[in-house]
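Heads up, the thing below is written out as structure tokens.
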Amino acid sequence: MKKRFLSMLMASAMCLSLAACGGGANNDGGGSAASGSGTGGGDELITVGFSQVGAESDWRTANTESMKSTFSEENGYKLIFDDAQQKQENQITAIRNFIQQDVDYIMLAPVTETGWDTVLQEAYDAGIPVIIVDRMVDVSDEELYTSWIGTDALLEGRKAAEWLNAYATAKGWDASEINIAHIQGTMGSTAQIGRTQGLEEGIEKYGWNLLSQQCGEFTQAKGQEVMESMLKQYDNINVVYCENDNEAFGAIDAIEAAGKKVGTDIKNGEILVISFDTTNAGLTDVLEGKIVCNVECNPLHGPRAEELIKAMEAGEEVEKLTYVDEEIFAYDDTVKSVTATNSLDKEGEYAVTKLTQEILDGRAY
Ligand code: GZL
Ligand code: ZN
């Protein structure tokens with residue numbers, strides 16, 4: 001324990017000193033880095049290693065695009081990008097490569113929450129600050145990462161469950177008539193943990209029937225496969241809770257291929273599809289009434305991550321956690337707003353936006 005404490009003390013002292021002289025273990029102490037980020041401060045690029053989950057969904061593509069366009073050469077960065085194809089061992093290998101290359105900063109979008117202590121300790125001991133983006137890591141020592149930027153998946157799940165309760169109540173449907181098929185995201189990811197908890201709390205609170213719960217891995221193909229098997233097992237599904245848009249696209253294809261209808265009214269045999277991510281394709285389905293409610297999860301982490309790096313380059317303290325605000329979109333205005341509690345146990349009122357074409361056209365992703 002003592003050894004580790006000492007090495008951490010050393011590393012943090014190093015971190016502080018590095019931050020003071022411009023971050024990054026490979027900084028040669030040149031004036032340019034110390035005078036803030038690569039933009040404007042001379043010609044030295046800030047090297048950032050980014051370990052991305054994969055390319056499993058439209059949301060992930062938008063997230064990658066945001067990071068790549070922010071950490072560009074003209075903005076003063078050399079970005080080393082790695083796509084892990086949703087495998088943690090690939091992310092661990094990428095982080096070790098970044099350490100070998102002595103990058104100034106490491107950014108990690110972790111596929112799942114656990115299993116990061118060892119490799120983050122290696123980055124810490126090398127004096128390389130780590131920024132976690134999107135999903136959270138569950139580590140024994142919070143000092144192993146400098147900062148996290150992401151979205152509140154538990155709040156997202158709670159928003160969706162409260163929307164379903166308000167919608168069913170407004171329609172006069174009894175909770176016992178609600179028969180849910182639940183297609184989960186990558187098991188053990190923050191998004192899956194939070195969105196699943198939000199739904200399960202709703203089932204507990206309102207008495208809905210959970211018919212089936214299976215993992216759709218956040219992909220369209222798996223979402224379709226899982227929906228097909230659920231439709232073979234149950235003929236009374238009237239709500240499908242998809243933990244991201246790509247699962248919803250697959251589920252909708254499976255439902256229509258089975259000769260059933262997605263829509264807004266269980267009383268005329270339609271199946272309500274609830275989803276997350278509010279991607280352009282997902283919101284297009286909302287406009288068409290194929291997805292009845294879509295809870296936003298904002299993928300545009302690039303600018304926020306850059307703000308953190310600029311602050312660290314300037315030797316400033318940075319927030320440990322930065323949550324981004326997110327909206328709720330629905331096909332109609334049956335539900336005007338919902339009340340839900342976030343991950344920091346703070347209750348809030350969240351407006352529900354009836355989606356229009358111009359709102360969709362005006363969105364950044
Ligand atoms: C959410 C993010 C999830 C998206 C999916 O924060 O981690 O991963 O909801 C993506 O589309 O696969
Ligand atoms: Zn999210």
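When reading the values below, keep in mind they use all heavy atoms of this one structure, side chains included, and skip hydrogens, waters and symmetry mates.
Nearest heavy-atom pair, T196 versus H182, reported as atom, atom and distance to 0.1 Å: OG1-CE1, 3.4 Å. Nearest heavy-atom pair across N75 and S69 is ND2-O, 3.5 Å. The two residues G185 and E243 come nearest to each other via the heavy atoms N-OE1, 2.8 Å. Of all heavy-atom pairs spanning Y331 and E288, the tightest one is CE1-C, 4.1 Å. Here the closest heavy-atom approach between residue I291 and residue G282 is recorded as CD1-O, 3.7 Å. Closest approach of L154 and G198 over heavy atoms only: CD1-N, 4.0 Å.
Linking Ile, Leu, Val, Met, Phe, Trp and Tyr whenever their side-chain heavy atoms come within less than 4.5 Å puts I252 and L287 in one cluster. Put simply, L321 and L155 are part of two different groups of oily side chains (I, L, V, M, F, W, Y) that touch within less than 4.5 Å, one to the next. W173 and V352 fall within the same hydrophobic cluster, defined by Ile, Leu, Val, Met, Phe, Trp and Tyr side-chain heavy atoms under 4.5 Å apart, directly or through other members. Taken together through direct or relayed side-chain contacts under 4.5 Å among Ile, Leu, Val, Met, Phe, Trp and Tyr, V240 and F249 form parts of separate hydrophobic clusters. Residues I92 and I80 share a single hydrophobic cluster, defined by chaining ILVMFWY side chains whose heavy atoms lie under 4.5 Å apart.
For R60 and D134, the salt-bridge test passes: some basic side-chain N is under 4.0 Å from an acidic carboxylate O. Salt bridge E270/K260: absent, no basic N to carboxylate O contact under 4.0 Å. With respect to R158 and E201, a salt bridge is recorded, a charged nitrogen being found less than 4.0 Å from a carboxylate O. By the 4.0 Å N-to-carboxylate-O rule, E296 lies close enough to R363 to be salt-bridged with it. The pair E142-K320 fails the salt-bridge criterion, with no side-chain N (NZ, NE, NH1 or NH2) lying under 4.0 Å from an Asp/Glu carboxylate O. Between E156 and K159 there is no salt bridge, since none of the side-chain N atoms of the basic residue sits less than 4.0 Å from a carboxylate O of the acidic one.
Side-chain N or O atoms of T64 include none that pairs as donor or acceptor with a backbone N or O of T61 at under 3.5 Å. Remark: side-chain polar atoms of D152 are paired, donor with acceptor, to backbone N or O of S343 under 3.5 angstrom. In terms of modelled atom types and a separation under 3.5 Å, the side chain of Y241 and the main chain of R195 share a donor-acceptor contact.
A donor atom on one side chain and an acceptor atom on the other are found under 3.5 Å apart for S51 and Q91. D277 and T279 share no side-chain donor-acceptor pair at under 3.5 Å. Q224 and Q220 form no side-chain donor-acceptor contact under 3.5 Å, judged by distance and modelled atom types alone. A side-chain donor from one of Q121 and D125 sits under 3.5 Å from a side-chain acceptor of the other. Side chains of Q213 and E200: a donor-acceptor N/O pair is present below 3.5 angstrom, by distance only.
Under the rule for a ring pair (Phe, Tyr, Trp, His ring centres under 6.0 Å), F329 has no partner lying at least two apart in sequence or in another chain. By the salt bridge (Lys or Arg N to Asp or Glu O under 4.0 Å) test, K68 pairs with no residue at all, sequence neighbours left out. Qualifying salt bridge (Lys or Arg N to Asp or Glu O under 4.0 Å) partners for R135, counting only residues two or more places apart in sequence or in other chains: E56. Annotation: salt bridge (Lys or Arg N to Asp or Glu O under 4.0 Å) contacts of K346 (sequence neighbours excluded): none.
In the displayed structure, Q233 atom CD is contacted under 6.0 Å by more than 12 heavy atoms of other residues, nucleotides or ligands. Within 6.0 Å of CD on E73 lie no more than 12 heavy atoms contributed by other residues, nucleotides or ligands. Within 6.0 Å of CG on D325 lie no more than 12 heavy atoms contributed by other residues, nucleotides or ligands.
Considering CE of M136 and CD1 of I132, their distance stands at 8.0 Å, rounded to 0.5 Å. Here OG1 of T70 is found 10.5 Å from CZ of F50. Values are rounded to the nearest 0.5 Å. In this structure, CD1 in I180 is found 5.0 Å from CG in L199, a value given to the nearest 0.5 Å. In this structure, CD1 in I99 is found 5.0 Å from CD1 in I106, a value given to the nearest 0.5 Å. Rounding to the nearest 0.5 Å gives a distance of 12.0 Å between CD of E217 and CD1 of I183. Atom OG1 of T284 is separated from atom CG of N294 by 10.0 Å, given to the nearest 0.5 angstrom.
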Exercise. Given side chain to side chain donor-acceptor pair (under 3.5 Å), test E349 with S337 step by step and report yes or no.
Key: CA-CA 7 Å; E349 171 102 25; S337 70; 2.3 Å; yes
Quiz item: After noting the C-alpha distance and the side-chain angles of N97 and Q101, does the key distance pass the side chain to side chain donor-acceptor pair (under 3.5 Å) rule?
Solution: CA-CA 6 Å; N97 289 337; Q101 298 173 65; 5.6 Å; no
Quiz item: Yes or no on side chain to side chain donor-acceptor pair (under 3.5 Å) for D138 and T114, after CA distance, side-chain angles and deciding distance?
Solution: CA-CA 5 Å; D138 176 7; T114 55; over 6 Å; no
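I193 forms part of no hydrophobic cluster, judged by ILVMFWY side-chain heavy-atom separations under 4.5 Å.
Evaluation of the salt bridge (charged side-chain N to carboxylate O under 4.0 Å, His left out) test over residues 160-177, restricted to residues two or more places apart or in two chains, returns E162-K205, E177-K267.
Aromatic rings from Y77 and Y105 are positioned such that their centres are separated by 6.0 Å or more. Between Y323 and W148, the distance from one ring center to the other falls under 6.0 angstrom. Aromatic pair Y365/W59: centroids not less than 6.0 angstrom apart.
Between S275 and the options D285, D245, N244, N246, a side-chain hydrogen bond (donor to acceptor under 3.5 Å, both in side chains) holds for only D245.
Within the 4.5 Å cutoff, no side-chain heavy atoms of S66 are placed close to those of P299.
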